[in-house]
Amino acid sequence: MPKSPRKRALSSPHDALFQWTFSQREHAVGLLKAALPPPLVAAVRWGTLRVEKGSFVDRALRSRRSDLVLSARIGEGRVYFHVIVEQQRDVEPLMVFRMGLYMMRLWEQLVREQPGLKKLPPVMPVLVHHSDTGWTAARAFEDIVAIDGPARAALLPHTPRFELRLIDVSGGRAGDLVEQALTALGKVVLWCLSVSGDDARLEREIGRIAAALDEVLQAPSGLAALEALLRYLVTTHARFSVRKIGRLLEKAAGPRAQEAIVTTLDEIERRGERRGRAQGRAQGRAQGRAQGRAQTLLELLAARFGAVPADVSARILAADEAALVAWTTRVLTAPTPEDVLAEDGERPAAARRPAARKRARRA
């Protein structure tokens with residue numbers, strides 16, 4: 001049974017849900033069949049579809065979009081599908097340029113891994129997009145290259161030419177998507193992505209996925225899928241409680257789903273409680289170590305300087321473990337208790353002492 005994407009959800013809930021769902025072959029096949037031109041769908045040998053390792057999205061942009069690379073046999077070779085998921089409020093005008101960069105990186109890796117390669121395999125760029133406005137930018141690379149006037153016809157043959165295959169789920173558009181090709185979970189996931197952050201639409205339109213949700217829950221991996229969906233919806237609809245999200249799903253899926261939803265909600269809450277207790281124990285251990293270091297440092301200061309000033313004692317007792325470690329190393333060299341706690345740039349007395357000793361030796 002597939003596990004739900006708990007670890008990935010910490011960095012990006014969109015990435016976690018999409019990768020978990022469409023890294024499974026049956027759902028990936030459904031997505032691609034729903035998005036691609038019919039002649040290509042007919043030519044691909046879908047039984048050979050596999051997930052390729054690696055990400056080609058810039059590290060700095062991975063909080064805004066994620067990617068999934070798949071490949072399958074077509075004719076005598078393979079075709080690669082580079083699927084990008086982008087969830088943001090605005091449309092990026094040069095997204096087609098970035099897609100071109102990602103395609104080049106994929107080809108570069110293939111050439112590096114297969115030094116004897118004579119021809120490059122085809123790469124189909126697929127963009128799954130959600131924004132407030134829907135997709136409004138160029139889909140074709142040549143449309144973002146500034147070529148005007150009579151020279152356009154002469155320059156176009158020397159300009160890269162490719163077009164994005166767009167799945168626009170903004171506002172429930174799902175443009176050019178053959179929904180019948182999607183699996184039940186694929187339909188539910190794309191709908192969840194489309195209502196991300198829109199509480200009103202979540203409540204108003206959840207009935208649209210009732211049949212698909214019921215089918216998801218009856219599948220062998222239904223509980224794992226339900227947990228993934230619940231976690232995503234709770235994360236992207238922060239004003240709704242876990243229980244409210246559960247009630248909405250139960251209303252959509254009907255009475256048969258009640259037991260599965262209640263079981264999943266209870267498990268999510270138990271895990272949250274266990275994480276809270278574990279974090280509390282870790283914090284308690286860290287606080288215990290810091291208190292022990294603080295007492296040791298106070299004893300060392302008292303042994304060297306006598307009574308420790310109240311303000312110095314208060315700072316030590318309130319400090320974290322890293323600061324206490326740094327201060328403890330200064331006890332033997334700092335001239336005063338205040339210098340022990342000073343920042344590096346605030347310790348002129350300690351800095352002058354070695355120079356004074358050198359002058360004494362020369363004398």
Side-chain angles (χ1 to χ4, degrees), residues 5 8-9 11-37 40-41 49 51-52 55-58 61-71 79-103 106 123-140 162-198 201 209 212 228-229 232-233 235-236:
R8 293 184 67 88
S11 58
S12 168
H14 317 300
D15 180 21
L17 182 63
F18 187 88
Q19 293 272 355
W20 179 79
T21 303
F22 295 110
S23 292
Q24 300 174 57
R25 178 187 289 178
E26 61 174 315
H27 305 305
V29 168
L31 177 70
L32 293 174
K33 284 185 174 181
L36 300 179
L40 182 55
V41 171
L49 187 76
V51 177
E52 301 289 341
S55 172
F56 300 90
V57 169
D58 309 71
L61 296 176
R62 286 182 193 166
S63 62
R64 290 171 45 189
R65 63 178 68 102
S66 62
D67 63 338
L68 178 65
V69 179
L70 307 131
S71 74
V79 58
Y80 289 78
F81 304 100
H82 193 183
V83 185
I84 301 288
V85 185
E86 185 177 61
Q87 295 269 130
Q88 59 179 358
R89 298 186 63 86
D90 303 314
V91 176
E92 184 177 334
L94 294 181
M95 184 61 198
V96 67
F97 165 69
R98 288 197 178 278
M99 287 291 284
L101 291 178
Y102 304 150
M103 293 165 67
L106 174 54
V123 175
M124 168 68 79
V126 181
L127 177 66
V128 181
H129 173 80
H130 174 238
S131 66
D132 291 349
T133 62
W135 188 255
T136 57
R139 297 190 194 188
F162 68 91
E163 186 175 331
L164 302 178
R165 194 68 181 178
L166 179 66
I167 303 174
D168 190 351
V169 298
S170 309
R173 290 174 176 82
D176 300 325
L177 198 66
V178 182
E179 289 199 8
Q180 297 89 331
L182 291 165
T183 62
L185 182 58
K187 292 176 184 177
V188 175
V189 166
L190 290 184
W191 178 82
C192 288
L193 292 173
S194 78
V195 299
S196 170
D198 191 334
R201 276 195 59 215
I209 61 164
L229 294 168
Y232 178 79
L233 291 172
T235 303
T236 56

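Heavy-atom basis, side chains included; hydrogens, waters and symmetry copies ignored.
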Check your understanding: With a 4.5 Å heavy-atom cut-off, do Cys192 and Val188 have their side chains touching?
Key -> yes
Check your understanding: Which residues satisfy the side-chain contact (heavy atoms from CB on, under 4.5 Å) test with Pro93, sequence neighbours excluded?
Key -> none
Review point. What is the minimum heavy-atom distance between Ala184 and Ala212, and which atoms define it?
Key: CB-O, 3.6 Å
Review point. So Glu179 and Leu190, side-chain contact (heavy atoms from CB on, under 4.5 Å) or not? Walk me through it.
Key: CA-CA 10 Å; Glu179 289 199 8; Leu190 290 184; over 6 Å; no
Review point. Are Phe22 and Val51 side-chain neighbours, meaning at least one heavy-atom pair lies under 4.5 Å?
Key: no
**Study point:** Residues in ring-ring contact (aromatic ring centres under 6.0 Å, His included) contact with Phe97, at least two apart in sequence or another chain
**Key:** none
**Study point:** The single option from Val41, Leu40, Leu49 passing side chain to side chain contact (heavy atoms under 4.5 Å, CB included) against Leu32
**Key:** Leu49
Point to revise | Partners passing side-chain hydrogen bond (donor to acceptor under 3.5 Å, both in side chains) against Glu26 (at least two apart in sequence or in another chain) | key: none
Review point. Would a 4.5 Å heavy-atom cut-off, applied to side chains only, mark Gln19 and Leu68 as touching?
Key: yes
Check your understanding: With sequence neighbours excluded, what pairs up with Leu185 under the side-chain contact (heavy atoms from CB on, under 4.5 Å) test?
Key -> Trp20, Thr21, His27, Thr183, Val189, Val216, Ala225, Leu229
Review point. Are any of the side-chain heavy atoms of Tyr102 and Asp67 separated by less than 4.5 Å?
Key: no
Revision key, fill the gap. Rounding to 0.5 Å, atoms CZ (Arg139) and CG (Asp168) come to a distance of 8.0 Å
Exercise for review: Looking only at non-hydrogen atoms, find the nearest pair between Ser170 and Ser131 and report the distance.
Suggested key: OG-N, 2.9 Å
Check your understanding: Under 4.5 Å between any side-chain heavy atoms of Pro125 and Ile84, yes or no?
Key -> no
Practice item. Kindly compute the distance separating NE2 (His130) from CH2 (Trp135), expressed to the nearest 0.5 Å. Key: 13.5 Å
Practice item. Sequence neighbours left out, what passes ring-ring contact (aromatic ring centres under 6.0 Å, His included) with Phe81? Give chain and number order. Key: none
Revision key, fill the gap. Correct closest heavy-atom pair for His129 and Leu166 would be CB-CD1, 4.1 Å
**Study point:** Contact summary for Ala138 and Leu164, nearest pair of heavy atoms
**Key:** O-CD1, 4.4 Å
**Study point:** Beyond-backbone contact of Val29 with Arg25, side-chain heavy atoms, under 4.5 angstrom
**Key:** yes
Exercise for review: Can you see which heavy atom on Ala35 is nearest to which on Ile167, and at what distance?
Suggested key: CB-CD1, 3.5 Å
Check your understanding: Residues two or more places apart in sequence or in another chain: which of them pass salt bridge (Lys or Arg N to Asp or Glu O under 4.0 Å) with Glu163?
Key -> none
Review point. Rounded to the nearest 0.5 Å, what separation is found between the CD atom of Glu86 and the CD atom of Glu92?
Key: 6.0 Å
Review point. Got a second to check how far Met103's CE is from His82's NE2, nearest 0.5 Å?
Key: 9.5 Å
Review point. At what distance, to the nearest 0.5 angstrom, does CD of Glu52 lie from CG of Leu70?
Key: 8.0 Å
Point to revise | CG on Leu182 to CG on Leu31, rounded to 0.5 Å | key: 6.5 Å
